[in-house]
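Ligands are counted one by one from 1 in listed order, and the atoms in each one are counted from 1 as well.
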Amino acid sequence: MPPIGFMFRRPHRQEVLDGRAVAKQILDDIATKVGARVAAGKPRPKLATVIVGDNPASALYVRSKQRDARQVGIDSEDHRLPTETSTEQLVELIAVLNRDESVSGILVQQPLPNQIDLVQAVIAVDPIKDVDGFHPFNAGLVAQGLPGGVQPCTPTGIIELLERGGVRIEGANAVVVGRSNIVGKPTALLLIKRNATVTICHTKTTNLAAHTREADILVAAAGRPNLISKDMVKPGAAVVDVSANRIDGGQVGDLGPGVEEVAGWLTPNPGGVGPMTRAMLVRNTYEAEIRRRP
Ligand code: NAP
């Protein structure tokens, strides 16, 4: 027999923002579209991946991206360059892939070895094949809220999860913890485009908790386990846990224990943003093909 207080306590309602389920819907949709194109005699889209060096995590990420692509009928080809590759050699390979008619999208897996100039590598990719959406041309379109271009994978995946999960973005106070060019900043920009009022926090933010407690939508992308404790979350808020921190062979995000007791919507981690990021990459590859060869 549970205690009386337990019996009469109003159950805490929470929606799980299930990235695996939403990603599956998106991938199924693309599989249908790819199937129809191929049946009509058009070429299969193709994703070219480039890894420099032998970082096992990069190899794992790329394998799972290729698997997702294959699952929907998108071909993939894998390019491996040795750790000591120069910027010029990498840019040369990217130029070959830019010219290759059969390649729809190019993914250069990060991190790159220190001797490589990351900016040179990013701008070497033809913006139309930039399926990560990292090229300044595509990032600039997002910054200006303009259509066209390639949407960044993780930020777009976050927005899709929120929207499909029934979270109202317009008018919400959104707080993004993290200001990187690939996650924090573009996520903030996509939220602004959807009429949220956005605050971006980082390591120089004074009193992080004062900001997060005001958040109707809280996006944690700091890469710091336990950074967001239960008392930093507004009851009923939608909490998106982006980070993929590796601990004891497993993955944890930035949320501390008990956040699930107060959040109104929550992304599981793993199984939240990660599958959405990969689904967005597959969608970007398909869309890159359509834009180049309608
Ligand atoms: P990043 O480049 O290291 O950026 C981290 C950001 O968090 C920085 O802006 C940093 O502030 C801020 N930050 C760090 N500690 C903080 C603290 N104590 N308080 C407030 N802000 C703090 O990382 P990223 O590439 O954006 O990725 C963030 C996390 O998301 C990582 O764990 C990464 O593995 C994960 N991730 C997941 C996916 C996915 O698909 N699930 C995709 C991409 C990334 P400063 O700017 O002041 O240094």
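- By the 4.0 Å heavy-atom criterion, A221 is counted among the residues contacting ligand 1.
- Compare C153, G223, S180, A222 by their heavy atoms: the one nearest to atom 5 (C) of ligand 1 is in A222.
- A salt bridge is absent between E289 and R44: the closest approach of a Lys/Arg side-chain nitrogen to an acidic carboxylate oxygen does not fall below 4.0 angstrom.
- Between the side chains of T285 and S104, no donor-acceptor pair is found at a separation under 3.5 Å.
- When only interatomic distances are considered, the shortest N/O to N/O separation between A244 and ligand 1 falls below 3.5 Å.
- Side-chain contact check for T49 and Q66: at least one donor-acceptor pair (N or O, by modelled atom type) lies under 3.5 Å.
- The contact set between ligand 1 and T203, taken as ligand atoms under 4.0 Å from a residue heavy atom, comprises 11 (O), 13 (N), 14 (C), 15 (N), 16 (C), 20 (C), 21 (N), 22 (C), 45 (P), 47 (O), 48 (O).
- Under 4.0 Å is where a charged nitrogen must lie from a carboxylate oxygen, and between R194 and E170 no such pair does.
- Within a 4.0 Å radius of atom 3 (O) of ligand 1, the protein has no heavy atom.
- For R179, heavy-atom contacts with ligand 1 shorter than 4.0 Å involve the backbone as well as the side chain.
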Q. Do D254 and N226 pass the side-chain hydrogen bond (donor to acceptor under 3.5 Å, both in side chains) test, and can you show the C-alpha distance, the side-chain angles, and the key distance before you say yes or no?
A. CA-CA 5 Å; D254 289 348; N226 293 315; over 6 Å; no

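- With a heavy-atom cut-off of 4.0 Å, L227 touches ligand 1 through its side chain alone.
- Heavy-atom proximity to atom 38 (C) of ligand 1, evaluated over N181, V242, L208, V252, is greatest for V242.
- Which parts of ligand 1 touch I182 is read off a 4.0 Å heavy-atom cut-off, strictly below it: atoms 25 (O).
- Numbered from 1 in the order shown, with element, the atoms of ligand 1 that lie under 4.0 Å from a heavy atom of T154 read 40 (O), 42 (C), 43 (C).
- Applying the side chain to side chain contact (heavy atoms under 4.5 Å, CB included) test between L255 and each of L227, N269, D241, V233 identifies D241 as the sole match.
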